[in-house]
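Lettering follows sequence order; numbering is per chain, from 1.
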Amino acid sequence: MSENFRLDKGGLINRDKKISFTFNGKKYFGYEGDTLASALLANGVHLVGRSFKYHRPRGFFGAGVDEPYAIVQMNRNNEVDPNVRATEQELFEGLEAKSVNCWPNVDFDIGAINNFLNKFFPAGFYYKTFMWPKSFWYKIYEPIIRKAAGFGSASIKHDKERYEHKYEYCDLLIAGSGPSGLASAYSAAQNGARVILAEDKSRFGGSLLTSEVTIGNQNGKEWAEKIISELKSMPNVVVKNRSQVFGYYDHNMLVMSERVSDHLPKTDKYIPKQRLWYIRAKEVVISSGSIERPLVFGNNDAPGVMLSSAAKEYLKVYGVIVGKKPIIFTNNDSGYETAIEFKKNGIDPIILDTRKEANSEIIKEAKELNINIKFSYVVVAAKGYKKVHSADIAKISDDKKNISNIENIKCDCICVSGFWTPTIHLASQSGNKTKFNEEIDAFIPSQSKQKETTLGAANGVFTLEETLKTSFEKGSELSKQITNKENKVSVPTVIEKKSSNHDKFWCVPLPEGKNYKRFLDFQNDVAVSDIELALREGYRSIEHVKRYTTLGMATDQGRTSNLNGLQLVSDIENKVVPQVGHTTFRPPYSPVSIGAIVGREIGKHSKPTRKSPMHNWHEKNNAVFVDAGVWLRPRYYKKGNENLFEASKREAKNVRQNVGVCDVTTLGKIDIKGPDAAEFLNRVYTNAWLKLPVGKARYGVMLREDGIVMDDGTTTRISENHYHMTTTTAQAANVLSHLEYYLQLVWPELNVNVVSSTEQWAGAAIAGPKSREVLKKLFPDLDVSSDGLPFMGYVEGNLFGVNAKIFRISFSGELAYEVNVESDYGNFMWEKIMEIGEEFNIQPYGTEALSTLRIEMGHVAGSELDGRTIPYDNSLEGLVSKKKDFIGKRSLSKSAYVAEDRQKVVGVVPLDKKTSIPEGSYIVKDAKAKLPNPKLGHVSASCWSVEYDNPFSLAIIKDGKNMIGQKLFAMSPLKNKTIPVEIVSSHYVDPKGERVRS
Amino acid sequence: MLYIKCPHCGLRPQTEFSYGGDATVKRPELNKEVSDQDWDNFVYLRKSPRGKHLELWQHISGCRQWIKVERDTLTHEIFTTLKANENI
Ligand SMILES: [Zn+2]
């Protein structure tokens with residue numbers, strides 16, 4: 001198709017730069033500055049898609065965010081981008097787009113059969129049709145609907161594009177750069193306020209780009225350019241185009257999506273595709289303008305029917321005429337402005353005005369241009385399936401109830417104007433209770449809930465003079481409160497043509513015997529008949545009508561359909577619109593890509609990765625890492641072809657036989673200081689702490705107030721009023737908050753300070769019968785004999801010039817020490833340990849061996865302290881003081897907690913001594929019992945005992961204390977295993993604990 | 001996202017805080033007899049009011065102080081914020 005709808009001159013496009021693009025596989029040309037929509041219209045392409053429900057042919061209805069159906073699927077730089085409005089997508093060289101909602105293609109769409117079967121697709125059709133038979137849903141209905149519906153198909157590939165988040169603070173955020181946005185931004189900026197001015201489109205100026213007005217001695221567009229360039233030069237102003245403020249959240253937090261690179265063929269290096277701005281504004285100016293309202297008549301969805309404002313924008317901004325035989329169908333003066341533009345460019349429009357008569361400067365100008373104007377006339381129905389070719393028009397009676405003199409006239413487009421709807425979405429999102437304005441038949445903001453002010457057309461003010469005056473004033477007033485500065489701005493004189501009153505008429509009655517579909521919601525295919533049906537079926541609340549008919553849903557959020565829908569409901573119900581009320585506006589105003597919402601928080605960036613100072617050493621020595629909370633810990637060190645099982649067995653065995661070293665840096669550490677520290681610990685832990693001497697460590701268990709074990713660990717008295725507490729890796733942050741809670745809120749009289757010191761210390765656990773030999777050589781000056789440094793003892797030492805804390809504590813059940821040095825010396829310490837330990841066959845061991853060692857010793861850990869168990873369950877009741885009170889103690893006397901058959905931790909060994917028991921298995925009495933088989937408990941942790949060379953597990957089971965010696969079954973339905981087992985003591989190795997004291 | 005005025009640090013975004021529940025709950029004193037009912041009330045039972053609610057937040061990524069926030073649970077309006085030792 002040749003480019004025959006582009007004017008020879010005019011518009012804001014760059015005619016020096018021709019651009020090629022493809023739509024549905026066909027190549028076209030446009031210009032730099034075009035949108036996909038304007039370029040297609042310039043090529044005479046009106047058919048862009050199929051409608052959502054009936055698959056009726058659809059064209060362009062708007063020219064920007066108002067577009068309900070020209071939605072395409074983009075293919076940009078090998079990435080798929082569904083749900084893109086052709087009216088918003090800027091043209092770039094090589095752009096590829098295709099229609100959605102049609103299969104196999106836009107010209108022949110099988111789904112269009114829905115249109116001829118439309119009596120089967122009434123309001124609520126999803127609810128009615130696809131409910132029966134139930135079995136049909138998954139296999140038949142759902143896949144067909146999936147194929148037929150939706151606004152494009154998302155890619156299942158990883159999105160390689162880059163998205164960013166930005167946090168910003170400002171005095172005034174101004175959403176929209178039309179006259180009210182520019183004026184308020186300008187006067188606020190003059191007062192020194194920090195201003196962010198956001199414009200959704202690529203061009204600033206809003207309605208000034210298309211209206212015939214004079215401001216000062218410039219036309220609207222020139223004035224807008226001047227203001228923008230001045231604002232851009234001011235250091236306190238940020239001016240952003242292609243940026244839509246789409247959500248107004250709590251406490252004046254607004255979110256804006258900036259389409260940084262969508263208008264380019266590909267995203268440059270180090271630049272995001274899109275950027276999401278989280279803006280906390282002191283004041284918000286909503287200058288989002290208004291959207292033209294459609295008039296409702298038969299087949300008003302046919303390609304070629306569009307908003308008159310859109311036709312004007314295509315003409316004035318893009319130099320494109322949407323038709324050569326236009327009908328302008330209007331109930332107000334706006335349609336005349338479009339007609340005048342056509343006429344000035346050599347096209348003869350015909351105006352059908354629903355009003356009986358009207359007089360204004362604009363109408364006078366149209367008359368002087370000899371434009372054919374028919375008052376009391378309406379379009380009854382558009383004719384033409386894939387493109388309008390004519391219209392049935394008729395005279396309408398003064399009471400607007402009857403039509404007569406129906407005739408068919410040729411046309412190739414119908415531009416409709418049903419007056420204007422202020423865009424109040426942001427105000428409504430902020431909690432503004434909107435009110436209905438009878439004069440303009442629309443809702444406008446009323447009482448602000450947050451710090452928001454709506455100006456200009458968004459506030460129902462449709463004259464430029466008043467808009468500029470109030471906006472300059474408001475911008476100045478709002479900013480003055482913040483900056484305490486006032487630089488008066490003089491309001492320029494405005495010349496604009498005065499309008500006459502609009503007609504409240506909006507819906508053309510059906511002619512006798514005709515059953516045309518008259519659409520209200522173009523995106524969701526909701527027609528007048530659907531709303532009528534919903535009301536007949538008893539739906540009353542507008543929120544219910546919306547959900548039943550889908551009126552005002554989906555990506556277009558009722559921008560063009562809302563008010564006409566409300567009008568219809570009120571007409572049928574004999575109510576007025578404010579009684580019916582509008583549905584709730586919710587963010588986002590228009591679709592935001594998931595990529596932008598996620599930002600950079602993907603993959604490894606979704607959480608921080610913490611590494612110990614010895615990480616590089618582990619890496620060099622073939623460590624295989626595992627995520628432990630946010631930490632990376634060595635799981636095992638691979639030697640040759642070893643697998644996890646073989647390596648961990650080797651490492652654990654070496655600890656039992658010789659000596660091993662494990663990186664325990666990740667353990668939570670809390671520094672506790674103050675004269676009341678002992679008293680505080682005594683309240684926090686279940687056991688007694690008042691008499692712990694300096695230089696000694698003690699194992700402690702802390703509870704929540706509900707009696708459940710919160711965490712365990714050792715705490716060491718470093719000096720009189722100074723303690724070093726350790727927590728499990730996972731609970732470190734929670735324990736600190738817990739301690740702070742009690743110190744700050746419950747017992748503020750205690751003089752104690754706590755601070756996290758996790759990252760200050762690197763830790764190495766040296767464990768095994770030969771660990772003392774290693775320690776002797778590490779600290780030759782120290783007496784590390786059993787008397788010099790007994791079990792649970794603490795000393796400070798000098799590790800080749802580095803201060804070290806040495807704790808004789810053990811998690812492995814062997815003779816063991818934990819050495820801490822300042823983090824920066826961690827690697828030094830580790831290398832020294834490896835060097836000195838070599839002659840004792842030292843080997844590093846990872847978390848897998850660590851688990852094996854603690855499980856066969858019966859030491860409980862996270863898998864037993866799982867937030868559901870009390871001290872007794874973990875055989876820790878010996879640590880629960882009967883004498884003193886502590887956090888959670890009162891809960892321990894609850895009847896369930898003291899029940900005779902209370903659950904308790906036990907050991908589990910398979911009878912065949914071969915089969916490993918999957919963690920999570922149930923312990924049951926009878927493997928063949930009827931389902932559901934009553935379970936006694938579950939297997940919490942499993943290992944291969946290196947001491948006995950057979951599998952061993954821990955389990956927490958009902959009446960555990962009386963179960964020792966019983967033959968039961970471990971069942972894992974997930975692994976499909978039933979394993980006969982014997983219950984044994986949880987202390988499988990060294991039950992008397994002699995090794996740790998050796 | 002809420003904007004919470006930490007009495008120690010000033011206005012900070014909600015992401016710096018963690019929620020701590022009803023600030024009016026008083027822990028029974030240590031070493032005192034507590035009935036089952038009173039203890040259960042303290043441990044488990046919380047009101048879930050619609051409207052004004054005095055609650056605890058901890059400025060976890062800031063000064064780490066526990067603070068009291070009087071907030072409307074329906075509108076999220078924050079009326080006042082207090083230090084741990086202050087009362088309305
Ligand atoms: Zn703070």
Side-chain angles (χ1 to χ4, degrees), chain A residues 165 167-169 247-255 278-282 430-431 433 449-451 670 679-680 682-684 703-708 733-734 736-750 753-756 883-895, chain B residues 1-5 7-8 11-45 55-61 63-69 71-78 82-87:
Chain A
H165 286 179
Y167 292 82
E168 195 54 270
Y169 294 80
Y248 201 133
Y249 298 88
D250 292 306
H251 300 177
N252 259 35
M253 156 71 79
L254 291 97
V255 187
Y278 291 88
I279 304 170
R280 188 81 69 175
K282 289 194 180 122
S430 89
K433 292 272 171 257
K449 201 196 128 214
Q450 302 199 45
K451 294 275 190 186
I670 297 170
E679 172 62 24
F680 180 53
N682 208 43
R683 296 179 186 185
V684 167
L703 308 185
R704 311 189 308 218
E705 292 286 16
D706 62 0
I708 299 289
N734 288 346
L736 183 64
S737 278
H738 178 76
L739 300 182
E740 286 164 336
Y741 175 90
Y742 284 93
L743 285 173
Q744 294 171 24
L745 290 157
V746 186
W747 304 310
E749 67 279 8
L750 293 183
N753 273 299
V754 292
V755 68
S756 167
K883 289 180 196 140
K884 55 137 197 177
D885 201 357
F886 53 84
I887 294 167
K889 185 179 191 183
R890 178 66 180 78
S891 289
L892 294 180
S893 55
K894 283 202 286 197
S895 57
Chain B
M1 202 200 302
L2 307 187
Y3 209 24
I4 301 171
K5 188 174 178 182
H8 309 279
L11 278 165
R12 292 290 188 278
Q14 183 185 345
T15 46
E16 291 186 12
F17 295 83
S18 74
Y19 182 67
D22 189 342
T24 63
V25 173
K26 262 202 92 67
R27 190 193 191 279
E29 271 179 59
L30 287 169
N31 301 308
K32 285 255 170 76
E33 194 80 0
V34 189
S35 71
D36 284 350
Q37 175 98 56
D38 287 349
W39 186 256
D40 277 359
N41 282 346
F42 159 64
V43 176
Y44 299 108
L45 294 183
E55 55 203 17
L56 294 170
W57 290 76
Q58 189 184 13
H59 195 188
I60 200 150
S61 302
C63 63
R64 293 209 59 92
Q65 294 300 301
W66 284 88
I67 61 167
K68 294 173 184 169
V69 176
R71 181 182 66 106
D72 190 309
T73 57
L74 182 70
T75 65
H76 291 318
E77 184 177 351
I78 291 177
L82 302 162
K83 293 178 184 173
N85 61 0
E86 293 173 334
N87 288 306

Interchain contact, A/K894 with chain B, by part (heavy-atom threshold 4.5 Å): side chain
Residues B/E55, B/R71: salt bridge by 4.0 Å N-O rule: yes
Interface moiety of A/R704 toward chain B, non-hydrogen atoms closer than 4.5 Å: neither
Closest contact, heavy atoms only, B/H76 versus A/D250: CD2-OD2, 2.9 Å
Atom group of B/S18 that falls short of 4.5 Å from chain A, counting heavy atoms: neither
Spacing of A/N753 atom CG and A/I670 atom CD1 [to the nearest 0.5 Å]: 13.0 Å
CA sep, side-chain torsions, deciding dist, call: B/Q14, A/M253, side-chain contact (heavy atoms from CB on, under 4.5 Å): CA-CA 11 Å; B/Q14 183 185 345; A/M253 156 71 79; over 6 Å; no
Portion of B/V34 that has a non-hydrogen atom of chain A nearer than 4.5 angstrom: both
Partner set under side-chain contact (heavy atoms from CB on, under 4.5 Å) for B/E16, not counting sequence neighbours: B/R12, B/P13, B/H59, B/S61
Residues forming a ring pair (Phe, Tyr, Trp, His ring centres under 6.0 Å) with A/Y742, sequence neighbours excluded: A/H738, A/W747
Residue among A/Y249, A/Y741, A/Y167, A/Y278 with most heavy-atom pairs under 4.5 Å to chain B: A/Y741
Toward chain A, the part of B/L11 with a non-hydrogen atom under 4.5 Å: neither
Proximity breakdown for A/S893 and chain B, heavy-atom pairs closer than 4.5 Å: neither
Contacting region of B/E77 [heavy-atom separation from chain A under 4.5 Å]: backbone
Separation of B/I60 CD1 from A/L736 CG (nearest 0.5 Å): 8.0 Å
Residues B/F17, B/V69; criterion side-chain contact (heavy atoms from CB on, under 4.5 Å); working and verdict: CA-CA 11 Å; B/F17 295 83; B/V69 176; over 6 Å; no
B/K68 and B/E86: CA distance, side-chain angles, deciding distance, side-chain contact (heavy atoms from CB on, under 4.5 Å) verdict: CA-CA 8 Å; B/K68 294 173 184 169; B/E86 293 173 334; 6.0 Å; no
Contact class of B/I4 relative to chain A, heavy atoms under 4.5 angstrom: neither
Part of B/D36 within contact of chain A (heavy atom distance under 4.5 Å): both
Which portion of B/R64 sits near chain A, non-hydrogen atoms under 4.5 angstrom: both
Proximal component of B/W39, with respect to chain A [non-hydrogen, under 4.5 Å]: side chain
Residue A/L743 versus chain B: region with a heavy atom under 4.5 Å: neither
